[in-house]
There are 2 protein chains.
Amino acid sequence: MSDGRSTPRQQHRDARTTAIVEVARRLLGEVGPGQLSLRAVARELDLVPSAVYRYFSGRDHILTELITDGYRRLGGAVAGAEDALPRDDLLARWRSVWTTTRGWGVEHPHEWALLYGSPVPGYAAPAETVVLATMVVGRLAGVVFDARERGRPRPAGAPPLPPGTRADVEQVAAGLPALGITAPDEVDPVDVVLVLDAWTHLVGTVSFELFGHYVNAVAHPQEHLELVADDWSRRLGLEAAAG
Amino acid sequence: MSDGRSTPRQQHRDARTTAIVEVARRLLGEVGPGQLSLRAVARELDLVPSAVYRYFSGRDHILTELITDGYRRLGGAVAGAEDALPRDDLLARWRSVWTTTRGWGVEHPHEWALLYGSPVPGYAAPAETVVLATMVVGRLAGVVFDARERGRPRPAGAPPLPPGTRADVEQVAAGLPALGITAPDEVDPVDVVLVLDAWTHLVGTVSFELFGHYVNAVAHPQEHLELVADDWSRRLGLEAAAG
DNA sequence: GAGCCTGGAGAACACTGTTCTCGGAAGCGA
DNA sequence: TCGCTTCCGAGAACAGTGTTCTCCAGGCTC
């Protein structure tokens, strides 16, 4: 946020900027997006509303900042948990990504809604966000690629991909290095699709839990999520060779 | 909405009530929830804002009505499409539920966001909604149950369910008749979990497309969704015996 | 030390949801 | 047909909201 040398003014500016985001995030946790009020943020900081406009172009700008911030925090939590595990324990790493993602969502439901719920109207993802938003799915892909590298193949039974999806996969595979994902030289297109689907299912499951679609259906969401995670790991051939 | 005999007053009231909802739904399609304004609805009907309160207790009440209305319409679209297919063509019925659901979402993205996006703050699902909300997953379950009835088993390879999930499944199975879902006498618990997961994956996939999480990843969402649908049908053993 | 410029104050505008009172008109029973 | 009741809409008001504008003082920069 601050460039190299920091004048006193720049320091003050940075402090205020982060203070605004911090307060906004705290209020977001209390009331949820849509109810987040710029004036409330200003009040909390003993500021007049118009003063906030020195730092942000408006309410949506603050929300945008909270979104990138949320992706950063979620990604950080997932990365931290997975990095603490031995690289060879693919199954533990895979489950870690799933449970850490859910854990973060359960702890920060409003931020989760901001990231994966209805998009905010004025929001156009800045360039920085697109790489941040891929952290979770990137970790999923990392485990799968490591499994292939260790000679664990995917169970048979997948049909060939239709042409449109093949094109999509090529697009994705070409963009992997830019996202910091180390992929094998020859990426299996089916792996790419399955990882994308597993990611979708992961986020969908957590969203269903947090958004109340599982009432009267799933009373043990943690257990259920682990079940789904193991299911996908089996389909991706992550478990030990002896089934 | 109207009970048996309808006095002129009741007629007028019903007409106004539906008119308000209709206008609200049209405006919702233009601006999205959160931007939907009670005053704008009133303006459109040449009404003063306070007059709307004769029919709805507030803005959230209108949104609640739009939610139940949305579930009804989505469910109706799905049911209509599936009922037009021969009951024995399980695969076609299965795909129909998937593609019809996506098609409705693509046509009504804001209503989709209302149903499956971030929950509305003041919204507590009325009793009527819980049955409406299960229409899509109920149709998925119906296809699977019909497959079992026709002697198509699920492919092997599923691990036993952990105790918490077993309890959840029993709860769900006990509630099936109340939802109008005809289930076999002995419901396979794994089938219930898989249907729930397929439903989650379906909604998650459409949401990811509509909410912009698939940019730079899935340029052919229709084809991708069909791929996912077929994938689940294979895991559920819906296709003809000869693979 | 002179000057610029930045950040905050304050007022104002156009909205929003919601509550209240009040009037008139339409429906209803006799 | 008359009179009463009920109900619907108008209107004003209040407390909020996001946003824009002008103005000014203080601190930073040169």
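These numbers come from the heavy atoms of this one structure, side chains and all, not from hydrogens, waters or symmetry mates. Here is how names work: the chains are called A, B, and so on, in the same order as the sequence lines, proteins then strands, and each is numbered from 1.
- Here the P atom of nucleotide C:dA26 and the CZ atom of B:Arg16 are 13 Å apart, to the nearest Å.
- With hydrogens and angles left out, the side-chain atoms of B:Tyr116 and A:Ser207 include no donor and acceptor closer than 3.5 Å.
- Looking only at atom types and distance, the side chain of B:Thr165 has a donor-acceptor partner in the side chain of A:Glu223 under 3.5 Å away.
- Following rounding to the nearest Å, A:Arg54 (CZ) and C:dT6 (C1') show an atom-to-atom distance of 7 Å.
- Expressed to the nearest 0.5 Å, how far CG of A:Leu227 lies from OG1 of A:Thr205 amounts to 10.5 Å.
- Considering only the side chain of A:Arg43, D:dT17 comes nearest among C:dT19, D:dT17, C:dC22.
- At a cut-off of 3.5 Å, with distance as the only test, no side-chain donor of A:Asp231 or A:His201 sits close to an acceptor on the other residue.
- Per the geometry, CZ belonging to A:Phe56 stands 12 Å off P belonging to C:dG8, to the nearest Å.
- Applying the 4.0 Å criterion to OP1 and OP2 of C:dT6, one finds that A:Tyr55 has every side-chain N and O outside that range.
- Looking at A:Ser50, its side chain comes within 3.5 Å of the base of C:dG10 through a donor and an acceptor atom.
- A:His12 has no side-chain polar atom (N or O) that falls below the 4.0 Å cut-off from OP1 or OP2 of D:dG26.
- For B:Arg9 and C:dG27, a side-chain-to-base donor-acceptor distance below 3.5 Å is absent, hydrogens and geometry of angles not being considered.
- In this structure, B:Tyr53 atom OH and D:dA12 atom P are separated by 18 Å, rounded to whole Å.
- For the pair A:Gln35 CD and C:dT16 P, the interatomic distance rounds to 16 Å; values are reported in whole Å.
- Distance NE2 (B:His61) to P (C:dT18): 12 Å, rounded to an integer number of Å.
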Trace of the side chain to side chain contact (heavy atoms under 4.5 Å, CB included) decision for A:Arg139 with A:Asp83: CA-CA 10 Å; A:Arg139 288 290 168 153; A:Asp83 287 340; 2.9 Å; yes

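- Side chain A:Arg13 to base C:dG7: no donor-acceptor pair is found below 3.5 Å.
- Here C:dG10 presents its P atom at 12 Å from CG of A:Leu47, a figure rounded to the nearest Å.
- Taking 3.5 Å as the limit, the base of C:dG17 and the side chain of B:Arg59 contain no donor-acceptor pair of atoms between them.
- A:Arg39 contributes a side-chain N or O that forms a donor-acceptor pair with the base of D:dG18 under 3.5 Å.
- If you take CG of A:Leu45 and C1' of C:dA9, they are 15 Å apart, rounded to a whole angstrom.
- Checking A:Gly58 against B:Val48, the closest nucleotide of DNA chain D that is more toward the 5' end is the one next to B:Val48.
- Nucleic acid contact class of B:Ile62 (heavy atoms, under 4.0 Å, all strands): none.
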